[in-house]
Amino acid sequence: MSGTSRRPLVLDLDTGIDDALALAYALGSPEVELVAVICSYGNVAVDTAVRNTHALLELLGYPDIPVYRGTDRALSASAAFEPPEGVARIHGANGLGGQHIGCMCRRAPGDGVDFLVRSADAGTQASRDAHFDGKNDVKTGGARGSSFYYVPTGPLTNLASALVRAPELARTLPRVTFMGGALTVPGNVTPCAEANVHNDPEAADVVLRLGLPTRMIGLDVTHQVVLTREDTARWRALGTSAGVLFADMTDHYIDIYEQNNPHMGGCALHDPLAVAAAIDPSLVGCLGANLRVDLEGPTRGRTVCDPERLREAQKTCEVAVTVDAPRFLAEFRKRVGRVLGAPRAR
């Protein structure tokens with residue numbers, strides 16, 4: 001696929017283990033060019049997410065992709081987020097299952113929310129190349145005017161902050177595919193709330209109620225796509241440093257799933273499925289809905305249909321409720337295996 005036909009992709013990661021898998025999936029997808037990563041908090045603190053993202057991009061042979069530091073706390077929080085003990089147990093103290101890789105971390109070229117506002121300024125003409133000048137201004141290029149994919153896989157704080165600053169983004173941003181929420185299944189933090197939405201319910205409510213076109217890839221579908229130890233063994237057998245690292249950190253993730261969700265037989269591929277569904281929406285079957293987020297009481301963090309907009313003909317959110325799991329898993333294995341087996345020469 002030629003460079004001019006690849007659609008620009010911006011990821012918004014709270015870089016823990018499944019974010020790392022999503023990053024590898026994106027780099028192995030010929031339909032897109034990853035032009036930037038914005039970091040958030042959730043699986044780790046935001047500065048750890050920035051370090052992890054730099055390290056993974058260097059390991060995989062893409063050190064020049066810019067990494068932006070996003071918000072460090074929820075909209076209503078008074079202090080920067082630090083992962084609670086339970087989250088640190090799932091992703092490891094460093095977010096990568098305790099696997100340490102060094103990197104020459106570079107200074108962030110600017111603020112992640114500012115970048116998102118600038119990138120979307122021209123609506124569908126907002127695609128940007130991964131080149132920045134000394135003033136941190138985006139230089140147009142690369143996609144040459146095609147629209148871009150924006151995929152948040154952590155809390156929606158960066159996107160909500162951009163929408164509050166520039167409400168017109170609700171009209172100009174292309175449909176945002178995000179990982180989060182649960183509509184037809186229980187949450188994974190409380191009986192009602194999924195982790196990303198639970199980390200900032202107010203931000204998710206802003207995103208879902210301002211009219212921005214979204215596609216929700218929630219627990220309804222992500223718990224149906226499972227990676228096993230057979231898969232990680234194949235990565236380890238590649239004999240590359242990337243293959244070994246990804247196998248070791250994902251085995252840590254599977255260890256936790258075997259303790260908490262032994263019936264699954266592996267780990268859920270939450271974030272990679274969101275990236276895949278942005279690139280190829282036919283992987284999921286969606287229900288049109290106008291959603292809100294409960295902000296008070298025992299159901300705080302629940303994603304639910306908004307009764308005030310229930311009868312509106314236009315539905316702003318596509319909620320994934322079915323997934324072609326065999327096709328996604330086949331693509332995941334192919335694309336991630338390609339990246340781990342032959343990282344680009346630096």
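Computed from a prediction, not measured in an experiment: that's the story for all the values here.
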- Item | Check: Asp200 side chain, Leu75 main-chain N or O, donor-acceptor pair, under 3.5 Å | yes

- Item | Ser29 side chain vs Val32 backbone, donor-acceptor pair below 3.5 Å | no

- Query: Yes or no on side chain to side chain donor-acceptor pair (under 3.5 Å) for Tyr150 and Asp12, after CA distance, side-chain angles and deciding distance?
  - Reply: CA-CA 8 Å; Tyr150 171 56; Asp12 190 328; 2.6 Å; yes

- Step by step, work out the salt bridge (charged side-chain N to carboxylate O under 4.0 Å, His left out) result for Arg89 and Asp255. CA-CA 10 Å; Arg89 176 172 164 267; Asp255 286 342; over 6 Å; no

- Task: Identify the two heavy atoms, one from Gly266 and one from Ile254, that lie closest to each other, and give their separation to 0.1 Å.
- Result: CA-CG2, 4.2 Å

- Not counting sequence neighbours, which residues clear salt bridge (Lys or Arg N to Asp or Glu O under 4.0 Å) with Arg215? List them please. Glu318

- Query: Are the side chains of Pro186 and Pro191 in touch, meaning some heavy atoms are under 4.5 Å apart?
  - Reply: no

- Item | Min side-chain heavy-atom separation Asp18-Leu269 under 4.5 Å | no

- Among Ile, Leu, Val, Met, Phe, Trp and Tyr joined by side-chain contacts under 4.5 Å, find the other residues sharing a cluster with Val185 and list them by chain and number. Met179, Leu219

- Minimum heavy-atom distance between Leu57 and Ile65, given as atom pair plus value: CD1-O, 3.8 Å

- Over 60° means perpendicular and under 30° means parallel, so classify the ring planes of Phe246 and Trp235, tilted if in between. perpendicular

- Query: Could you walk me through whether Arg209 and Asp306 pass the salt bridge (charged side-chain N to carboxylate O under 4.0 Å, His left out) check?
  - Reply: CA-CA 9 Å; Arg209 296 182 71 171; Asp306 184 354; 3.7 Å; yes

- Message: Hydrophobic cluster membership, with links at side-chain heavy-atom distances under 4.5 Å among I/L/V/M/F/W/Y: are Val226 and Val336 in one?
- Response: yes

- Task: Just jot down the side-chain hydrogen bond (donor to acceptor under 3.5 Å, both in side chains) partners of Asp14, sequence neighbours excluded, or say none.
- Result: Asn43

- Query: Can you find a heavy atom in the side chain of Pro213 that is under 4.5 Å from one in the side chain of Lys315?
  - Reply: no

- Is any side-chain heavy atom of Val221 closer than 4.5 Å to a side-chain heavy atom of Val321? no

- Query: Between Arg236 and Asp248, does at least one N-O distance fall below 4.0 Å, as a salt bridge requires?
  - Reply: yes

- Query: If every non-hydrogen atom of Leu310 is compared with every non-hydrogen atom of Cys305, which pair is closest and at what distance?
  - Reply: CD1-CB, 3.9 Å

- Query: With no hydrogens and no angle check, do the side chains of Thr71 and Asn158 hold a donor and an acceptor under 3.5 Å apart?
  - Reply: yes

- Message: Is it the case that the side chains of Thr232 and Arg229 hold a donor-acceptor pair, with the cut-off being a distance below 3.5 Å and no angle test?
- Response: no

- Nearest atoms (heavy-atom pairs only) where Thr250 meets Cys267: CG2-SG, 4.0 Å

- State yes or no: do Ile90 and Tyr257 share one hydrophobic cluster built from I, L, V, M, F, W and Y residues joined by side-chain heavy-atom distances below 4.5 Å, directly or via other members? yes

- Message: Could you check whether any side-chain heavy atom of Cys39 comes within less than 4.5 Å of a side-chain heavy atom of Val67, counting everything from C-beta outward?
- Response: yes

- Query: Under 6.0 Å from the six-membered ring centre of Tyr149 and within 45° of its axis: does the NZ or CZ of Arg7 meet both?
  - Reply: yes

- Query: Out of curiosity, does Phe81 fall in the hydrophobic cluster containing Leu156 (side-chain heavy atoms, cut-off under 4.5 Å, transitive links)?
  - Reply: no

- Query: When you check the side-chain N and O atoms of Tyr41 and Thr157, is any donor under 3.5 Å from an acceptor?
  - Reply: yes

- Task: Answer whether the closest heavy-atom distance between the side chains of Leu56 and Leu245 falls below 4.5 Å.
- Result: yes

- Message: Could you check whether Glu31 pairs with Arg335 (Lys NZ or Arg NE/NH1/NH2 to Asp/Glu carboxylate O, under 4.0 Å)?
- Response: yes

- Smallest separation among heavy atoms of Ala170 and Leu163, with atom names: N-CD2, 3.6 Å

- Query: So with a 6.0 Å cut-off around CD of Glu308, is the heavy-atom count from everything else above 12?
  - Reply: no

- Query: Do the non-hydrogen side-chain atoms of Leu21 and Phe332 ever get within less than 4.5 Å of each other?
  - Reply: yes

- Message: Given 3.5 Å as the limit, does a donor-acceptor pair link the side chain of Thr240 with the main chain of Leu340, or not?
- Response: yes

- Query: If two hydrophobic side chains count as joined below 4.5 Å and joins carry through other members, does Val46 share a cluster with Val151?
  - Reply: no

- Task: Could you tell me which residues satisfy ring pair (Phe, Tyr, Trp, His ring centres under 6.0 Å) with His91, sequence neighbours excluded, listed by chain and number?
- Result: Tyr253

- Note on the structure: Ala49 and Val44 have their tightest heavy-atom pair at N-CG2, 3.5 Å

- Quick one: list whatever passes salt bridge (Lys or Arg N to Asp or Glu O under 4.0 Å) with Arg234, sequence neighbours left out. Asp231

Side-chain donor-acceptor pairs under 3.5 Å in residues 287-303, sequence neighbours left out?
unit_1: Asn290; atom_1: OD1; unit_2: Thr316; atom_2: N; d: 2.9
unit_1: Asn290; atom_1: OD1; unit_2: Thr316; atom_2: OG1; d: 3.3
unit_1: Asn290; atom_1: ND2; unit_2: Arg309; atom_2: O; d: 3.1
unit_1: Asn290; atom_1: ND2; unit_2: Gln314; atom_2: O; d: 3.1
unit_1: Arg292; atom_1: NE; unit_2: Asp294; atom_2: OD1; d: 3.4
unit_1: Arg292; atom_1: NH2; unit_2: Asp294; atom_2: OD1; d: 3.4
unit_1: Asp294; atom_1: OD2; unit_2: Thr299; atom_2: OG1; d: 2.9
unit_1: Asp294; atom_1: OD2; unit_2: Arg302; atom_2: NE; d: 2.8
unit_1: Asp294; atom_1: OD2; unit_2: Arg302; atom_2: NH2; d: 2.8
unit_1: Arg300; atom_1: NH1; unit_2: Glu202; atom_2: OE2; d: 2.9
unit_1: Arg300; atom_1: NH1; unit_2: Leu295; atom_2: O; d: 2.8
unit_1: Arg300; atom_1: NH2; unit_2: Glu202; atom_2: OE1; d: 3.1
unit_1: Arg300; atom_1: NH2; unit_2: Glu202; atom_2: OE2; d: 3.4
unit_1: Thr303; atom_1: OG1; unit_2: Ala182; atom_2: N; d: 3.1
unit_1: Thr303; atom_1: OG1; unit_2: Ala182; atom_2: O; d: 2.8

- Message: For Arg69 and Asp111: C-alpha separation, side-chain torsions, deciding distance, then whether side-chain contact (heavy atoms from CB on, under 4.5 Å) applies.
- Response: CA-CA 6 Å; Arg69 185 185 189 276; Asp111 176 79; over 6 Å; no

- Would Glu82 and Arg73 count as a salt bridge (charged side-chain N to carboxylate O under 4.0 Å, His left out) if you check the C-alpha gap in whole Å, the side-chain angles of each, and the deciding distance to 0.1 Å? CA-CA 9 Å; Glu82 290 292 337; Arg73 69 195 71 185; over 6 Å; no

- Message: Check this for me, if you would: do Lys334 and Glu331 make a salt bridge, where the nitrogen-to-carboxylate-oxygen distance has to be below 4.0 angstrom?
- Response: yes

- Query: Same cluster for Val117 and Phe178 if Ile/Leu/Val/Met/Phe/Trp/Tyr side chains link at under 4.5 Å?
  - Reply: yes

